[in-house]
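Proteins come first, then strands; the chains are lettered A, B, ... in the order of their sequence lines, and each starts at number 1.
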Amino acid sequence: VGMRVLVGVKRVVDYAVKVRVRPDKTGVITEGVQHSMNPFDEIALEEAVKLKEKKSATEVVAFSMGGPKCQEVLRTALAKGADKAIHVEIPDADASKLEPLHVARALRKIIENDKFDAVFLGKQAIDDDANQTGSLLAGMLDWPQALYASKVEPDGKSLKVTREIDGGLDTIKVTLPAILSADLRLNEPRYATLPNIMKAKKKPLEKKTAKDLGIDLTPQTKVVEVSEPPVRQAGGFVDDVPTLIAKLKEKGFIKA
Amino acid sequence: KMRLSVASLFRASRQLNNVVNGKWTTTHYTIKDRSKDPRWAEVDMTRVADEYDVVIVGGGPGGLSAAIRLRQLAEAAGKECRVCVVEKAAELGAHTLSGAVIETRALDELFPNWSELGAPVHQKVTAESIAILTEKGRIPVPIVPGVPLANHGNYIVRLGHLVKWLGEKAEEAGVEIYPGYAGAEVLYNEDGSVKGIATNDVGIAKDGSPKDSFERGMELHAKCTIFAEGCRGHLSKQVMNKFDLKEHEMSYGIGIKELWQIDPAKHRPGYIEHTMGWPLTSTQYGGSFLYHIESDGLPLVSIGFVNALDYTNPYMNPYQEFQKYKTHPSIAKQLVGGKRLGYGARALNEGGYQTVPKLSFPGGCLIGCAAGLLNVAKLKGTHNAMKSGMVAAETIFPDLEANTTVTPSGYQPALDQTYVMKELKACRNIRPSFNSSLGLYGALAYSGLFYVIGRGKEPWTLQHGKPDNEKLLPKESCQPIDYPKPDGKLTFDLLTSVSLTGTNHEENQPAHLTLKDDSVPVDINLAKYDGPEARFCPAGVYEFVPSESGSGQRLQINAQNCIHCKTCDIKDPTQNINWVSPQGGEGPKYNGM
């Protein structure tokens, strides 16, 4: 046993920042705004590093695709226990047009050249909430997928994964190699300590381009407009139950 | 007075609650010593250490200028020099908040070609006005040469962006910068000199016990440690006490600021104005700033209000004073039709020359606002912070040759020869001249005569009197102040404002607003002063809520809201609140504030 795990980490706008829509409505303003590692990716990374510490995994490789600043997120991943990092760099200007399909293609190429036993991803990125990369990759590679994992147990050449689904919990067994996506309750990520941040500078970080991998980055979708949610209308107060019923009837929520 | 045993804390901790027996309980290890705590008995407390020539606490304009200057000197001399900057914010600039109109004289010295290098300093001041506001009116104050708020030739900047740029230059120059790590502890050599600092521990639960993820901070040892934490830095506070550096208590104000995008038709890039008077009374020091800046093509306005913290009325609410000021006709007309983008607050130094402490001590020194170098009459501190950082670097560098702890004794004498101390000395009596019963009018008369005309050469030095926190009067002597309700267009409620700061702190950690005595908030602050902390905090951290133990109220500390302004540490009447650093990487996420 001894898996090699590839972990996808995405650089996203920090969850605590209040985003604003661009004046031209093409997206949200990201310049000068604080970014950090997608929280679900932190959980995915933590699970991979935990498996390494339990000797079920032998190597954890962090992967990120995007503009030059992705390196910051990869350094953090190295500080949190990844052994190596791969950065598929694309120009900043094109970064906003990157889609899960492109990322899945890149991951596939990397896996074709380098044997991995598992790919761990966060279940979705907090900027696009797409939740697509893992499934697309599983389809491309014809690998089993275990999504929304809240518990992972190695089982010989398989993984026993408990998943969070609408109805409750679902436990499945997937044979390796497999795709896994991490949900919130899988673990509590460790902190990147300062000594580890310093050591991370010496860990290998490999750079590739889309051209190196021979993948097509043509956008499949086009963002037509991004706008702020409508201002919430103030609710009204009613004095008693009969008035409430009358109002509900008035608004057509209950039959008159 | 109830004594809490560790055992009773442990029982209560199962609720992971800071409230024990209906009272807010401080669990931070700086108050509840871990060496006596059985929960910590088995925990390995050793720390990894690294050695530097100079460690700088704080990645603001001062700290970064000191770092850059050290590396410039090392480069020129062909010498090795390991310089490290630690910064508690997750990114440089995230905790930076200022007006700001800066004099570029320090930047000119550090990078003469800063414009070619792309420094985000573009907006020259094109027009200015100073006025005294009345409830509906405006009395202009003539701007003659020598008036401290005259700003011809200066630049309006978004200081957070300038700090970010300085950070990039520092890294290019070979400075090691670690954002996301707070200086949490000062380390001392056996001879009592400063050995360096330790960064914050992580993974401590709300009740003070170690979590599975607990990790010790790291020790950064240095021949010389520069404290560049800004106004009321918490480690600076410690070294000032340890080495007895203060001769006079420092005096402060709170600056609250918003960033607005206004109607382009109303935008006058480069126009600045400062006002005094309404809504403050004539004996309450403070005033506003309003700067029109074009930033990335957007018509932005930086608007803010400074409220001196030596106020006497515990019902004073600096946040509400600021909201009220915006409703003045001459101000509202600029903002109407605009949109608020940002909000934040920070304490600032008002004490000036009289309150600058001794700046050097064995193993370290204070620079910038940590040293109290802000010129409140001009409302400028950035150029002084940067220059003091550079002077500190220049006096420390030659002494780094020897492999021993450096005491930068040449730093303060060198600083005295520069414009930093000369301008502070000339302005020294302006702020205290306000403290007579003539208030604002006395100050204007004094400043007009002795500063504008006399150039600050009068031989006497006025003092500030008691420290700010001691000036608060009991509630019986004071009237509550009626503040208007927010309208949601020009004025806003506090919590909506706080959400704009992007601040957050991990919930499951001890509150970093620590109380030396948990009984004081109710027994003194509430009983005698009607809970002023619920009014002076610009982030809604402090609230008095009904106590779970049945009778009366208790303090509730919403540490997650904290925006690291330090006002509570300054104004708590008995100095019971001690602000310490939370985990690194937390706090506000200002963008170009």
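Side-chain atoms of A/Tyr15 and B/Asn504, non-hydrogen and from C-beta on, do get closer than 4.5 Å to each other. You'll find the side chain of A/Pro23 reaches within 4.5 Å of the side chain of B/Leu298, heavy atoms only. Contact of the A/Arg20 side chain with the B/Leu341 side chain is registered, since non-hydrogen atoms from C-beta on lie closer than 4.5 Å. Side-chain atoms of A/Lys18 and B/Tyr343, non-hydrogen and from C-beta on, never get closer than 4.5 Å to each other.
Other residues, nucleotides and ligands contribute at most 12 non-hydrogen atoms within 6.0 Å of the NZ atom of A/Lys160. At most 12 non-hydrogen atoms from other residues, nucleotides or ligands lie less than 6.0 angstrom from CG of B/Asp296. For A/Lys151, the NZ atom sits in a loose shell: 12 or fewer heavy atoms of surrounding residues, nucleotides or ligands are nearer than 6.0 Å. The number of heavy-atom neighbours closer than 6.0 Å to CD of B/Glu507, taken from other residues, nucleotides and ligands shown, is 12 or below. Counting non-hydrogen atoms of neighbouring residues, nucleotides and ligands closer than 6.0 angstrom, the CD atom of B/Glu80 reaches no more than 12 such neighbours. Counting heavy-atom neighbours within 6.0 Å of A/Asp24 CG, excluding the residue itself, gives a total above 12. The environment of B/Asp212 atom CG is sparse: at most 12 non-hydrogen atoms of other residues, nucleotides or ligands sit within 6.0 angstrom. Crowding of A/Lys247 atom NZ: a count of heavy atoms from other residues, nucleotides or ligands under 6.0 Å not exceeding 12.
Interface residue A/Gln34: backbone and side-chain heavy atoms are both found under 4.5 Å from chain B. With a threshold of 4.5 angstrom between heavy atoms, B/Glu219 does not approach chain A through any atom at all. For B/Thr199, the part lying under 4.5 angstrom from a heavy atom of chain A is the side chain only. Interface remark: B/Asp50 contributes side-chain atoms only to the contact with chain A (heavy atom separation under 4.5 Å). Using a 4.5 Å cut-off between heavy atoms, B/Val48 contacts chain A through its side chain alone, with no backbone atom that close. Both the backbone and the side chain of A/Leu194 come within contact range of chain B, with heavy atoms under 4.5 Å apart.
With rounding to the nearest 0.5 Å, the separation of NZ in A/Lys201 from CD in B/Glu176 is 4.5 Å. Summarising the geometry, atom CD belonging to A/Glu46 is positioned 9.0 Å from atom OG belonging to B/Ser213; distances are rounded to the nearest 0.5 Å. A distance of 6.0 Å separates CD of B/Glu506 from CD of A/Glu188, quoted to the nearest 0.5 Å. To the nearest 0.5 Å, atom NZ of residue B/Lys589 and atom CG of residue A/Asp14 are 4.0 Å apart. Rounding to the nearest 0.5 angstrom, the gap separating the OH atom in A/Tyr191 from the OH atom in B/Tyr181 is 11.5 Å.
Between chain A and the options B/Ser499, B/Ala94, B/Gly592, B/Pro588, the largest number of non-hydrogen pairs under 4.5 Å is found for B/Ser499. Interface check for chain B: of the options A/Ala192, A/Pro189, A/Ser36, the most heavy-atom pairs under 4.5 Å are formed by A/Ala192. Interface remark: of the candidates B/Leu220, B/Val202, B/Val86, B/Val202 forms the most heavy-atom pairs closer than 4.5 Å to chain A. By number of non-hydrogen pairs under 4.5 angstrom with chain A, the leading residue of B/Met218, B/Gln261, B/Gln583, B/Arg47 is B/Met218.
Every side-chain contact (heavy atoms from CB on, under 4.5 Å) that B/Lys195 has, sequence neighbours left out, goes to B/Leu187, B/Asn189, B/His221.
Between B/Lys339 and A/Glu228, at least one side-chain N (NZ, or NE/NH1/NH2) sits under 4.0 Å from a carboxylate O, which counts as a salt bridge.
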